[in-house]
Amino acid sequence: MQSYEAIYAVVRQIPPGRVSSYGRIAILAGFGGQARLVGYALHALRLSSEDEVPWWRVVNHRGLITNAYEPALQRALLEAEGVVVDANDRIDLRDYLWDAIL
DNA sequence: CAACTGACTGCCG
DNA sequence: CCGGCAGCCAGTT
């Protein structure tokens with residue numbers, strides 16, 4: 001799945017204490033709107049330990065953690081990064097959404 | 001080969 | 001902001 005490498009590259013560019021949505025990653029990776037593929041790529045990444053990819057910094061466009069495996073783990077990692085997570089596993093994108101300004 | 005499912009998103013209300 | 005519906009791609013059954 002070398003095609004997904006673009007997705008991993010974008011996710012790695014997310015700075016600590018910041019989060020991004022699947023759709024954003026898809027656009028930045030050149031997939032344009034195909035957000036589901038991003039989730040697929042991250043899923044595969046979890047199974048195969050490649051380089052360190054901060055998959056936990058990726059949430060849906062509502063700021064809600066849609067992780068189907070270890071949502072509690074993702075929440076813990078985000079809090080460790082300094083991100084404030086709501087009791088309902090939700091994040092305030094107004095302040096934590098990464099705009100990829102480089 | 002067709003149908004189903006899934007770490008999603010945009011549009012409507 | 002939340003819930004529902006449709007569209008999208010890839011992997012399974």
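So you know, we letter chains A, B, ... as the sequences are listed, proteins then strands, and number each from 1.
- One distance of note links CZ of A:Arg75 with CD1 of A:Ile65; it measures 7.0 Å at 0.5 Å rounding.
- Distance check: A:Leu78 CG to A:Tyr96 OH gives 10.0 Å after rounding to the nearest 0.5 Å.
- Sequence order on DNA chain C of the closest nucleotides to A:Leu37 and A:Gly33 puts A:Gly33 first from the 5' end.
- Rounded to whole Å, the distance from CG on A:Leu28 to C1' on B:dT9 is 15 Å.
- A:Asn60 places a side-chain N or O within 3.5 Å of a backbone atom of A:Gly63 that can act as its donor or acceptor partner.
- Distance, A:Asp86 CG to C:dC1 P: 11 Å, rounded to whole Å.
- Checked by atom type and distance alone, the side chain of A:Tyr8 pairs as donor or acceptor with a backbone atom of A:Ala41 at under 3.5 Å.
- Rounded to an integer number of Å, the gap from A:His43 NE2 to C:dA10 P is 17 Å.
- Nucleotide B:dT5 holds its P atom 12 Å from the OH atom of A:Tyr40, rounded to whole Å.
- With a cut-off of 3.5 Å on both Watson-Crick or G-U wobble distances, the partner of B:dG10 is given as C:dC5.
- The shortest distance between the side-chain N/O atoms of A:Arg24 and the OP1/OP2 oxygens of B:dC8 is not below 4.0 Å.
- A:Gln74 places no side-chain N or O within 3.5 Å of a backbone atom of A:Glu70 that could act as its donor or acceptor partner.
- Protein atom CG of A:Leu42 is 13 Å distant from nucleotide atom C1' of B:dG6, rounded to whole Å.
- If you run ring pair (Phe, Tyr, Trp, His ring centres under 6.0 Å) between A:His43 and each of A:Tyr22, A:Tyr69, A:Trp55, only A:Tyr69 comes through.
- At whole-Å resolution of the value, OH in A:Tyr4 and C1' in B:dA7 are 12 Å apart.
- Computed from coordinates, the A:Leu93 CG to C:dC2 P distance equals 11 Å when rounded to whole Å.
- Summarising the geometry, atom CZ belonging to A:Arg57 is positioned 11.5 Å from atom CD1 belonging to A:Ile91; distances are rounded to the nearest 0.5 Å.
- A straight line from CD of A:Gln34 to P of C:dA6 spans 21 Å, rounded to a whole angstrom.
- Nucleic acid contact for A:Asn60: sugar-phosphate only, since backbone atoms but no base atoms lie under 4.0 Å from a heavy atom of the residue.
- With the nearest nucleotide of DNA chain C identified for both A:Arg94 and A:Arg36, A:Arg94 has the one nearer the 5' end.
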Listed pairs, N/O of protein and of nucleotides 11-13 of chain B, under 3.5 Å:
none

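- For B:dA7, its base never sits under 3.5 Å from the side chain of A:Tyr69 at any donor and acceptor pair.
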